[in-house]
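Step one of this worksheet: look at the structure below.
Quick note: residue numbers are just sequence positions, from 1. Note that ligands are numbered from 1 as they come in the structure, with each ligand's atoms numbered from 1 the same way.
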Amino acid sequence: MPEGLEAEIWCRSAQSLIGREIGPVWCDERVAPVGLADELVGAVIRSVRRRGKVLLVGTEGPVLGLHFGMTGRLVVDGRSPIERLQYASGADRKEWDRLRLETVPMMRQGPALRMNDPRRLGRISLDRDLSRLGPDLFTVTASELASAFKRRRIAVKTALLDQHVVAGLGNLCADEVLFWSGVAPTRSVDSLRELELEAISAACRERLQIMLVAGGSTCGELSPNVRAEAGSCPLDGGNLRRASINGRTAVWCERHQQ
Ligand SMILES: [Zn+2]
């Protein structure tokens, strides 16, 4: 958290910045390259895009990249499209700001773009090379999965969290995708059949859109409440299991996920 879904929601809300000239910029240099502000001031915002979990603000010059880490969130023109993140407090304190970017003319409600991140795990980049990121979480195909999994022998859950395999999937969305595809997260990728790869890519295309509309990565069937209880499966009443796979908590149904 935040995952590609949250980045997509922020990306849509930040479209209003396109065409504006960048005014004063302040950033926390513990999480940003030195001199970032000087590079951006006076440039005009030409595009706002998402690549995986990264939000990209393009100008005719440099491209600003916002990586939200575990607790980063975006505020556009004083409004936050996502008020509260799962692992973050609902508070919004000024000392947690990592970026404050004004546009010209300046907005009365404060910076046009603000990244607030209490735990300071997010990063701010300029012109970062993202070409090695995998296909996008909303469009990944079975054959793209097959070629990314080739000659590997790791748990499918771990593979899906690798941003070079699928860009934008995080812990909650990966569990949700496996839940809907009926594949256990512990399965080794070299054991997956073609039909199972099809099911994983179909779940990415269909279920993630449903979660996006519902509000983000916490809005799936395996919501944070369901995960915390790890009681019974909302689909078939099977036993929900919770275990750590490669350091990340996975939740899955022992009945319908094989
Ligand atoms: Zn089940």
Side-chain angles (χ1 to χ4, degrees), residues 1-9 52-53 70 82 84-87 134-150 152-163 165-258:
M1 260 301 274
E3 307 190 13
L5 299 193
E6 281 68 32
E8 178 65 25
I9 292 168
K53 300 179 188 178
M70 288 291 283
I82 304 170
R84 199 188 172 95
L85 294 165
Q86 191 198 348
Y87 300 119
D136 195 67
L137 74 170
F138 291 114
T139 57
V140 64
T141 64
S143 63
E144 285 168 336
L145 290 174
S147 62
F149 291 166
K150 219 174 196 171
R152 297 183 79 174
R153 282 184 133 178
I154 54 172
V156 62
K157 168 73 184 283
T158 305
L160 290 177
L161 290 179
D162 180 346
Q163 299 298 299
V165 172
V166 183
L169 279 184
N171 201 41
L172 299 181
C173 286
D175 276 0
E176 191 77 15
V177 161
L178 291 170
F179 178 83
W180 287 103
S181 46
V183 173
T186 47
R187 283 275 298 282
S188 176
V189 289
D190 65 349
S191 75
L192 295 175
R193 295 183 294 271
E194 207 177 317
L195 265 180
E196 292 171 319
L197 297 177
E198 291 285 356
I200 293 172
S201 81
C204 284
R205 286 194 306 272
E206 291 155 21
R207 303 312 308 191
L208 296 179
Q209 283 294 342
I210 291 172
M211 291 166 78
L212 178 68
V213 172
S217 59
T218 56
C219 299
E221 211 58 59
L222 298 177
S223 66
N225 284 345
V226 173
R227 298 173 68 85
E229 285 169 20
S232 51
C233 171
L235 282 191
D236 56 19
N239 199 28
L240 279 188
R241 174 132 186 243
R242 185 172 51 203
S244 174
I245 299 176
N246 202 26
R248 307 297 302 274
T249 302
V251 174
W252 72 99
C253 170
E254 290 184 311
R255 184 176 294 170
H256 84 268
Q257 288 179 260
Q258 302 293 324

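Across Asp175, Val226, Asn171, a single residue satisfies side chain to side chain contact (heavy atoms under 4.5 Å, CB included) together with Val251, and that is Asp175.
Residues passing the salt bridge (Lys or Arg N to Asp or Glu O under 4.0 Å) test with Arg152 are Asp162, sequence neighbours excluded. In this structure Arg207 satisfies the salt bridge (Lys or Arg N to Asp or Glu O under 4.0 Å) test with no other residue, sequence neighbours excluded. Every residue two or more places apart in sequence or in another chain that forms a salt bridge (Lys or Arg N to Asp or Glu O under 4.0 Å) with Glu196 is listed here: Arg187, Arg193.
Atom OG of residue Ser201 and atom CG of residue Leu137 lie 12.5 Å apart, to the nearest 0.5 angstrom.
Taking distances strictly below 2.8 Å, the protein N/O/S atoms close to the Zn ion (ligand 1) are Cys233 SG, Asp236 OD1, Asp236 OD2, Cys253 SG, His256 ND1.
With a 4.5 Å cut-off on side-chain heavy atoms, Leu208 and Leu169 count as touching.
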